[in-house]
Amino acid sequence: MGEHVDAVAVLTRGARPSRKRSAEHDFLAPSPPTPAIARPTVWTASQQSVEEVLGVVEALEVDASSRKELLRRVRGVEVVLAWLRQSPGESWQQRWLASGADTAGRAWSDLIDYGDTSPHPGTRRALATGAAGRLILAEVIRPSYAWLYDYHSTALYPRFEQWRDPTGFAAMAARCDTNQRLRVADRRDAFVQLARILIHNGGALADITVADCVEAYRAQTAYSAHAHSYWFTLLRDEAILPRDAPQTLHAASRRGQLSVEEIVDGYGIVCRPLRDLFVDYLRERQPGLDYSTIRALASKLILLFWRDLELHEPGINSLHLSDQTTRAWKQRLTYVHYGNHKRGQERQDRYAILMAVRAFYTDLSHWALEDPARWGAWAARSPVDSRDLAGLTKATKQRQARMHQRTRELAPLLPRLVDAANTRRVQTTTVLAAATRTEPGALFTVDGQRLRRTALTTDPELGGGGRPGVVYATDAAGQASRRNLTLEADNAFWAWACVEVFRHTGARIEEMLE
């Protein structure tokens, strides 16, 4: 049967949840959806019978130490297949998705029905994990990235490389051998990530596209995992990715500016007609506003107004608000309820939000007179009147006073900041230079500090496979924690450079980061 795409495989990835969930309604600014790549849920290997799958597994396990060990491994696969058969689907992949194992994380093995002879929990997990690895090698199932990032195995990925695309991985290995600065750990991480991509997608290394790389990158949740992106460089160097592919994975995954639809959809409006109204309204305003202003306006009108109403008034579907609803919304607006910063504090920009909502209602009423067919249904009495804005002038003066006071407090400290940044840069550079001239394990003194260059087994100068040029040190007694002198010097340099750019150009940090 030819491959076809199941609707389960094209679901978009939701927004990453906040790390500081502490309120009833947590909400983040919208982010564009990860490109939805349709993945087949039916292919030849996934439609094999139980007997055929077990035959492939036996062929894979030729290295079993004994017949008893072989039967144990095959028995684990039998148990998992018997459990999957209880879920609906015309292929093992569809049954895998329907069983809930793909989204259960590390607890997926607890879902399996082991029958009357349920093994010990530790044995149960080992049996299930080994069986899943063999089904992956046989290409019977293709788990999601979330599942693969939770799956830790020292044996699966090297075996997969030899089983799936040995020629492609051999070419990658040869290229890695030519890079003297590449650590053994970096090479291993790159190969594991490439294996994950093939496990998830199917096919060979030559089939990987830039979109596949972005999908795999965005599916990672740990910051440390994002740091290991040498696998993308390998794909570029091997000409698997096109010549016009971005130079780095970070550049490839940058989302750029969102469309109005993406901005609005990022807030998850429940009422579809209101969602369409906000899209139309922001499109009308868009020609006269820059992108950051559109984003800020959407946040005020949708997150802090309409979505707040939907969260506290379920089922609301009209801009005609009762006095009770209006009063409750204004009361909630007094304090910050959303985001990761200043939550629970008194809101400083309350009047800006009230002005945006009032302008929204005023625009709709005005446009309804000009084009009643399009806007007439949305004309309504504004929940914000002149009494709500009575303190606007006073609040504006207070905001300006706070800005001026902050300038008066910080301006005298600027020379001290400049001197401190430069002193730190010079000191770290001097210490690094002295450590570099010192043999690993030997003592050295610089600026009154007596330090010992750390001798690591991974140090390239001692024949290790660590990263060249990285120097570590501890105090002479070895009591303090180990310091990465190379990183200290690098951080000190860029801190000094940022300070100099700011004070000589007057640029904002957002402008410099761009």
**Request:** Would you sort out whether Val384 and Thr326 count as a side chain to side chain contact (heavy atoms under 4.5 Å, CB included), showing the intermediate values?
**Result:** CA-CA 8 Å; Val384 182; Thr326 300; over 6 Å; no

**Asked** Step by step, would you call Thr428 with Glu488 a side-chain hydrogen bond (donor to acceptor under 3.5 Å, both in side chains)?
**Response** CA-CA 6 Å; Thr428 54; Glu488 289 182 5; over 6 Å; no

**Request:** Return yes when atom CZ of Arg416 has more than 12 non-hydrogen atoms of other residues, nucleotides or ligands closer than 6.0 Å, and no otherwise.
**Result:** no

**Cation over ring face, Arg196 and Tyr157, 6.0 Å, 45°** = yes

**Request:** Find out whether Cys213 and Leu235 are in side-chain contact, i.e. whether some heavy atom of one side chain is under 4.5 Å from a heavy atom of the other.
**Result:** yes

**Message:** Tell me if the aromatic rings of Phe191 and Phe160 count as close, with their centers under 6.0 Å from one another.
**Reply:** no

**Asked** So with a 6.0 Å cut-off around CD of Gln324, is the heavy-atom count from everything else above 12?
**Response** no

**Prompt:** Less than 6.0 Å separating the ring centroids of Trp96 and Trp147?
**Reply:** yes

**Asked** Mind checking whether Trp108 and Trp83 have parallel, tilted or perpendicular rings, split at 30° and 60°?
**Response** tilted

**Item:** Gap separating the CG atom of Leu148 from the CG atom of Asp102, nearest 0.5 angstrom
**Value:** 8.0 Å

**Message:** For Glu90, is there any backbone N or O sitting under 3.5 Å from a side-chain donor or acceptor partner on Gln94?
**Reply:** yes

**Asked** In Å and rounded to the nearest 0.5 Å, what is the OG to CD1 distance from Ser259 to Ile294?
**Response** 11.5 Å

**Message:** Please determine whether salt bridge (Lys or Arg N to Asp or Glu O under 4.0 Å) holds for the pair Arg218 and Glu215, giving the CA-CA distance in whole Å, both sets of side-chain angles, and the decisive distance to 0.1 Å.
**Reply:** CA-CA 5 Å; Arg218 291 182 180 173; Glu215 180 192 32; over 6 Å; no

**Asked** Under the 3.5 angstrom rule, does the side chain of Tyr145 hit a backbone N or O of Tyr217 as a donor-acceptor pair?
**Response** no

**Asked** For Val210 and Leu241, which heavy atoms make the closest approach, and how far apart are they?
**Response** N-CD2, 3.8 Å

**Salt bridge flag under 4.0 Å for residues Glu161 and Arg164** = no

**Message:** I'd like to know if the side chain of Ser299 and the backbone of Arg295 have a donor-acceptor N/O pair within less than 3.5 Å.
**Reply:** no

**Item:** Side-chain (Tyr267) to main-chain (Arg275) donor-acceptor, under 3.5 angstrom
**Value:** no

**Asked** Taking the six-membered ring for Trp, are Trp496 and Phe493 parallel (under 30°), tilted (30 to 60°) or perpendicular (over 60°)?
**Response** tilted

**Request:** Return the minimal non-hydrogen interatomic distance between Leu205 and Asp165, and the atom names on each side.
**Result:** N-OD2, 3.0 Å

**Prompt:** Going by heavy atoms in the side chains, are Leu333 and Asp308 under 4.5 Å from each other?
**Reply:** no

**Prompt:** Between Leu301 and Leu297, is any pair of side-chain heavy atoms under 4.5 Å apart?
**Reply:** yes

**Item:** Min side-chain heavy-atom separation Pro143-Ile136 under 4.5 Å
**Value:** yes

**side chain to side chain contact (heavy atoms under 4.5 Å, CB included) evaluation trace for Leu319 with Arg381** = CA-CA 8 Å; Leu319 292 178; Arg381 179 174 63 90; over 6 Å; no

**Prompt:** Ion pair present between Arg285 and Asp363, side-chain N to carboxylate O less than 4.0 angstrom?
**Reply:** yes

**Message:** If we count only N and O atoms by modelled type, under 3.5 Å, do the side chains of Thr325 and Ser322 hold a donor and an acceptor together?
**Reply:** yes

**Asked** Is the backbone of Arg106 close enough, under 3.5 Å, to the side chain of Tyr151 for a donor and an acceptor to pair up by distance?
**Response** no

**Asked** Where do Ala190 and Tyr230 come nearest, in terms of heavy atoms and distance?
**Response** CB-CD2, 4.2 Å

**Message:** Less than 3.5 Å apart, any donor N or O on the side chain of His404 or Gln400 sitting next to an acceptor on the other?
**Reply:** no

**Prompt:** Within the distance-only criterion (no hydrogens, no angle test), does the side chain of Asp212 pair as donor or acceptor with the backbone N or O of Thr209 below 3.5 angstrom?
**Reply:** yes

**Message:** Between Glu346 and Tyr335, does the side chain to side chain contact (heavy atoms under 4.5 Å, CB included) criterion hold? Intermediate values first, please.
**Reply:** CA-CA 4 Å; Glu346 186 175 355; Tyr335 296 93; 4.2 Å; yes

**Request:** Applying salt bridge (Lys or Arg N to Asp or Glu O under 4.0 Å), run through Glu284 and Arg374 and close with a yes or a no.
**Result:** CA-CA 12 Å; Glu284 289 291 322; Arg374 182 181 182 187; 3.0 Å; yes

**Asked** What heavy-atom pair brings Asn317 and Cys271 nearest, and what distance separates the two atoms?
**Response** CB-SG, 3.8 Å

**Request:** Evaluate the criterion side chain to side chain contact (heavy atoms under 4.5 Å, CB included) for residue pair Leu364 and Leu277; output intermediate values, then yes/no.
**Result:** CA-CA 10 Å; Leu364 292 180; Leu277 171 64; 4.1 Å; yes

**Request:** Heavy atoms only: give me the nearest Arg85-Trp92 pair and the separation to one decimal.
**Result:** CG-CH2, 3.4 Å

**Prompt:** Which atoms form the tightest heavy-atom contact between Gln93 and Thr41, and what is the distance?
**Reply:** CB-O, 3.5 Å

**Test: Arg187 cationic atom under 6.0 Å from Trp231 six-membered ring centre, within 45° of axis** = no

**Prompt:** Do the non-hydrogen side-chain atoms of Trp306 and Ile269 ever get within less than 4.5 Å of each other?
**Reply:** yes

**Request:** Check the angle between the aromatic planes of Trp367 and Tyr281 and answer parallel, tilted or perpendicular using the 30° and 60° thresholds.
**Result:** tilted

**Prompt:** Is a side-chain N or O of Ser46 found less than 3.5 angstrom from the main chain of Val42, in a donor-acceptor match?
**Reply:** no

**Asked** To the nearest 0.5 Å, how far apart are CD in Gln86 and CG in Leu111?
**Response** 11.0 Å

**Asked** Do His337 and Leu304 come close enough that some side-chain heavy atom pair is under 4.5 Å?
**Response** no

**Request:** Output, in order, the C-alpha distance, side-chain angles, deciding distance and verdict of side-chain hydrogen bond (donor to acceptor under 3.5 Å, both in side chains) for Gln405 and Arg402.
**Result:** CA-CA 5 Å; Gln405 179 61 26; Arg402 288 194 300 269; over 6 Å; no

**Fill in**
Between the CG atom in Leu234 and the CD atom in Gln193, the distance rounded to the nearest 0.5 Å is 12.0 Å

**Prompt:** At what distance, to the nearest 0.5 angstrom, does CZ of Phe278 lie from CD1 of Ile263?
**Reply:** 13.5 Å

**Message:** Is any side-chain heavy atom of Ile316 closer than 4.5 Å to one of Leu321?
**Reply:** yes

**Asked** Which class fits the ring pair Phe360 and Phe305: parallel under 30°, tilted 30 to 60°, perpendicular over 60°?
**Response** perpendicular

**Message:** Check this for me, if you would: do Glu310 and Arg307 make a salt bridge, where the nitrogen-to-carboxylate-oxygen distance has to be below 4.0 angstrom?
**Reply:** yes

**Prompt:** Is the closest side-chain heavy-atom distance between Leu354 and Arg358 below 4.5 Å?
**Reply:** no

**Prompt:** Between OG1 of Thr362 and CE of Met355, what distance do you get to the nearest 0.5 Å?
**Reply:** 9.0 Å

**Request:** Ignoring hydrogens and angles, state whether a donor on the side chain of Arg39 or Asn201 is under 3.5 Å from an acceptor on the partner side chain.
**Result:** yes

**Request:** Spell out, as yes or no, whether a donor-acceptor pair under 3.5 Å connects the side chain of His200 to the backbone of Arg142.
**Result:** no

**Request:** Given side-chain hydrogen bond (donor to acceptor under 3.5 Å, both in side chains), test Asp290 with Thr293 step by step and report yes or no.
**Result:** CA-CA 5 Å; Asp290 59 23; Thr293 305; 2.4 Å; yes

